[in-house]
Participant: 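Have a look at this one before I ask anything.
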There are 2 protein chains.
Amino acid sequence: MAKAARRKTEQLPEKTTRIQEINRRLILDAALEIFSTYGFRGTTIDQIADKAGMSKPNLLYYFPRKQNIYVTLLEETLAEWLSPLAEIDADGDPIEQLRKYITAKIKMSESHPEASRLFANEVLHGAPAIGEFLTKHLKPLVEEKAAIIRTWVGAGKLAPIDPFHLIFMIWATTQHYADFDVQVRAIMGSQVGRPGFREQTAQAVLTIILNGIRPRS
Amino acid sequence: MAKAARRKTEQLPEKTTRIQEINRRLILDAALEIFSTYGFRGTTIDQIADKAGMSKPNLLYYFPRKQNIYVTLLEETLAEWLSPLAEIDADGDPIEQLRKYITAKIKMSESHPEASRLFANEVLHGAPAIGEFLTKHLKPLVEEKAAIIRTWVGAGKLAPIDPFHLIFMIWATTQHYADFDVQVRAIMGSQVGRPGFREQTAQAVLTIILNGIRPRS
DNA sequence: CAAAAACTTGACTACTTGGTCAAAATGCAG
DNA sequence: CTGCATTTTGACCAAGTAGTCAAGTTTTTG
């Protein structure tokens, strides 16, 4: 995973054709499901090819290496995953901004749990494929938002809390429901599937965190 | 992982000898480090044998299947991992009890991050090896403690929060520092290694959660 | 200290799996 | 509708890996 091998000399045609677009999508969709369930090593190209409804060599025509699929998937996911954080607005009301952020993250955890798991798995294993992304893109973004939170704290609009830890706490709690889904289900049983569950979760998380950071008068 | 194969007929001697004790420990210690880093599929028996300083067939003399090592490790870990939860005392002061629990969990996350990661990886992949444990042992324990928290809420000693979600939030936040260590490091940099970091983390987590669940007068 | 039990390992097998290749099938521009 | 480019695949290969085995070495025990 660390060293990128580039053996193949053949290249896909310059212009992306209609068929390419369709098949790449088929492959990536199939791969997301499998990678997020079994991890990088636990996934075989055959599995992905099967799910995508094509032969293995055909799949390798579009993505010459297994790694390529995996990295493409992570890249595709990450941008979307981070966008709600980018939207935190220094000029908005602190509690309102954070409520919006937390709500958005819980929604994403429910609608794209595979993406969350793919990412969790990658980081859990030491982020061999996206380590660079973390320091080059995630870190500055978080620092920017941490600075905003710090001014809010300074202005007495939030209780005196460390912004990094607050952000980690939001990530941890919201993604928990996607990443540890099996555990949540094992404990809460049928409740998890029920209609209002997401709202109930959001309610609980928001209550605790927002009360936890509201300034004590 | 789903189907347990039992091919080997030979058995280890009934009585555990001194050498057995030493070597099983060596193997399990080596395996924890490797499994927690690379996952089940990503780990090879050779790697473990290497790290344990013995030949592969020798390792297989003690654990006839790779699975056996993995499952033993999970079992060993789980009991210890859950013990702080079991200690929550219905007759104690709610805030104090939860403070103690959270503190214990953060301490464990720092001292045994590999155990946390091993478990996280297993659950993330659908808990194929310990699914049964979750419903048979974890669920009742959590239900018991949830009932306690519920009486505390009923008595007005805590804000009206759902006990399950509170417990999940504690798990999520505390384990985050072990499971997502790479990410935490990428963002916070050198601070993570520094002496007081655990205390700072505990402080931040405790502040938010405990304020978040304290009853509003 | 000798025999039995426990432990250790080099060499091997069977199987999985990422990736190759050459040839066939299909799509498409003129 | 023809010829070139693109797409598809069966058959294959090499590497890696879980697990076996039989023969050796060490430890324990009577």
Side-chain angles (χ1 to χ4, degrees), chain A residues 1-27 30-31 34-35 37-73 128-129, chain B residues 1-27 30-31 34-35 37-73 128-129:
Chain A
M1 208 88 116
K3 54 186 75 173
R6 215 171 296 121
R7 269 176 266 166
K8 272 261 178 111
T9 48
E10 326 132 31
Q11 231 44 57
L12 236 42
E14 301 291 320
K15 202 184 58 166
T16 47
T17 69
R18 186 182 51 90
I19 297 180
Q20 267 173 59
E21 212 146 320
I22 294 172
N23 283 342
R24 286 185 147 255
R25 194 69 267 143
L26 276 172
I27 293 169
I34 317 251
F35 275 135
T37 310
Y38 303 106
F40 182 76
R41 291 286 305 266
T43 295
T44 72
I45 299 184
D46 290 271
Q47 272 177 296
I48 303 175
D50 252 29
K51 181 147 236 153
M54 69 186 70
S55 68
K56 177 165 67 169
N58 198 185
L59 180 151
L60 286 164
Y61 172 72
Y62 293 101
F63 294 89
R65 311 265 143 199
K66 184 183 173 186
Q67 269 256 10
N68 298 155
I69 315 175
Y70 184 71
V71 172
T72 305
L73 224 38
Chain B
M1 206 89 116
K3 54 186 73 174
R6 216 171 295 121
R7 268 176 266 165
K8 270 262 177 111
T9 48
E10 325 132 31
Q11 231 44 57
L12 236 42
E14 301 292 320
K15 204 183 58 162
T16 48
T17 69
R18 186 181 53 88
I19 296 180
Q20 266 172 61
E21 211 146 321
I22 294 172
N23 283 342
R24 286 185 146 255
R25 194 69 267 144
L26 276 172
I27 294 168
I34 317 250
F35 275 135
T37 309
Y38 303 106
F40 182 77
R41 291 285 303 269
T43 294
T44 73
I45 300 184
D46 289 271
Q47 272 178 297
I48 304 175
D50 253 29
K51 180 147 236 153
M54 68 185 71
S55 69
K56 177 164 65 170
N58 198 184
L59 181 150
L60 286 164
Y61 172 72
Y62 293 101
F63 294 90
R65 312 266 142 200
K66 183 182 171 184
Q67 269 255 12
N68 299 155
I69 315 176
Y70 184 71
V71 172
T72 305
L73 224 38

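Proteins come first, then strands; the chains are lettered A, B, ... in the order of their sequence lines, and each starts at number 1.
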Participant: How many Å lie between CD1 on Ile45(A) and P on dT17(C), as a whole number?
Facilitator: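 Atom CD1 in Ile45(A) sits about 11 Å away from atom P in dT17(C).
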Participant: Listed in order of residue number, which residues of residues 47-58 of chain A have a non-hydrogen atom at under 4.0 Å from DNA chain D?
Facilitator: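 Heavy-atom cutoff 4.0 Å gives Ser55(A), Pro57(A), Asn58(A).
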Participant: What is the separation between atom CG on Leu60(A) and atom C1' on dT8(D), rounded to the nearest whole Å?
Facilitator: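 In whole Å, dT8(D) C1' lies 12 Å from Leu60(A) CG.
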Participant: Hey, is the side chain of Tyr61(B) poking within less than 4.0 Å of OP1 or OP2 on dC7(C), counting only N and O atoms?
Facilitator: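 Answer is yes, contact under 4.0 Å.
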Participant: Looking only at side-chain N and O atoms, does Gln20(A) come under 4.0 Å of OP1 or OP2 in dT6(D)?
Facilitator: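 No, outside the criterion.
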Participant: In terms of side-chain heavy atoms of Thr17(B), which of dG19(C), dA6(C), dT20(D) is nearest?
Facilitator: dA6(C)
Participant: Taking CD from Glu21(B) and C1' from dA6(C), how many angstroms apart are they, rounded to a whole number?
Facilitator: 15 Å
Participant: Does Asp46(B) or Asn23(A) map to a spot on DNA chain D nearer the 5' end, using the closest nucleotide for each?
Facilitator: Asn23(A)
Participant: Please round to the nearest 0.5 Å and tell me the distance separating atom CG of Leu26(B) and atom CE of Met54(B).
Facilitator: 5.0 Å
Participant: Looking at every heavy atom in both Lys66(A) and Phe40(A), which two are closest together, and how far apart are they?
Facilitator: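 Distance-wise, the nearest heavy atoms are NZ-O, 2.9 Å.
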Participant: If the sugar-phosphate is the primed atoms plus P, OP1 and OP2 and the base is the rest, what is the B/S/- string for nucleotides 25-30 of chain D, using protein heavy atoms under 4.0 Å?
Facilitator: --SSS-
Participant: Ignoring backbone atoms, establish whether Arg65(B) has a side-chain N or O less than 4.0 Å from OP1 or OP2 of dA18(D).
Facilitator: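 No, no such contact exists.
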Participant: Is Asn68(B) close to Tyr62(B) at the side-chain level, that is, under 4.5 Å between some pair of heavy atoms?
Facilitator: no
Participant: Could you state the atom-to-atom distance from CD of Gln67(B) to C1' of dG19(D) in whole Å?
Facilitator: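 Rounded to the whole Å, the gap is 14 Å.
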Participant: Answer yes or no: does a side-chain N or O of Arg41(A) lie under 4.0 Å from OP1 or OP2 of dG16(D)?
Facilitator: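 So the side chain of Arg41(A) is outside the cut-off, no N or O lying under 4.0 Å from OP1 or OP2 of dG16(D).
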Participant: With side chains defined as the heavy atoms from C-beta onward, is the minimum distance between Ile48(A) and Ile45(A) less than 4.5 Å?
Facilitator: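 No, side chains not in contact.
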Participant: Checking side chain to side chain contact (heavy atoms under 4.5 Å, CB included) between Ile27(B) and each of Thr72(B), Asn58(B), Leu73(B), Ile69(B), which is the one that passes?
Facilitator: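 Among the candidates, only Ile69(B) passes.
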Participant: Rounded to whole Å, how long is the line connecting atom CD1 of Ile27(B) with atom P of dG19(D)?
Facilitator: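 Going from CD1 in Ile27(B) over to P in dG19(D) covers 14 Å.
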Participant: Can you tell me how far P of dT17(D) sits from CD1 of Ile34(B), to the nearest Å?
Facilitator: 12 Å
Participant: Over all heavy atoms of both residues, which pair between Gln20(A) and Thr17(A) is shortest? Give the atoms and the distance, please.
Facilitator: N-OG1, 3.1 Å
Participant: Take Tyr70(B) and Arg65(B), measure what side chain to side chain contact (heavy atoms under 4.5 Å, CB included) needs, and give me the verdict at the end.
Facilitator: CA-CA 9 Å; Tyr70(B) 184 71; Arg65(B) 312 266 142 200; over 6 Å; no
Participant: Rounded to whole Å, how long is the line connecting atom CD1 of Ile69(B) with atom C1' of dA18(D)?
Facilitator: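 After rounding, the reported distance stands at 11 Å.
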Participant: Output the rounded distance in Å from CZ (Phe63(B)) to P (dC7(C)).
Facilitator: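 It is 13 Å, rounded to the nearest whole Å.
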Participant: Taking only N/O atoms, report every protein-nucleotides 13-15 of chain D pair under 3.5 Å with atom names and distance.
Facilitator:
none

Participant: How far apart are the closest heavy atoms of Gly42(A) and Arg41(B), and which atoms are they?
Facilitator: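 Between these two residues, the closest heavy atoms are O-NH1, 3.4 Å.
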Participant: How long is the gap from CG on Leu59(B) to CG on Asp46(B), to the nearest 0.5 Å?
Facilitator: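 Rounded to the nearest 0.5 Å, the CG-CG separation comes to 9.5 Å.
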Participant: Can you tell me if Tyr62(A) touches the phosphate of dT8(D), counting only side-chain N or O atoms and a distance under 4.0 Å to OP1 or OP2?
Facilitator: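 Indeed, a polar side-chain atom of Tyr62(A) lies that close.
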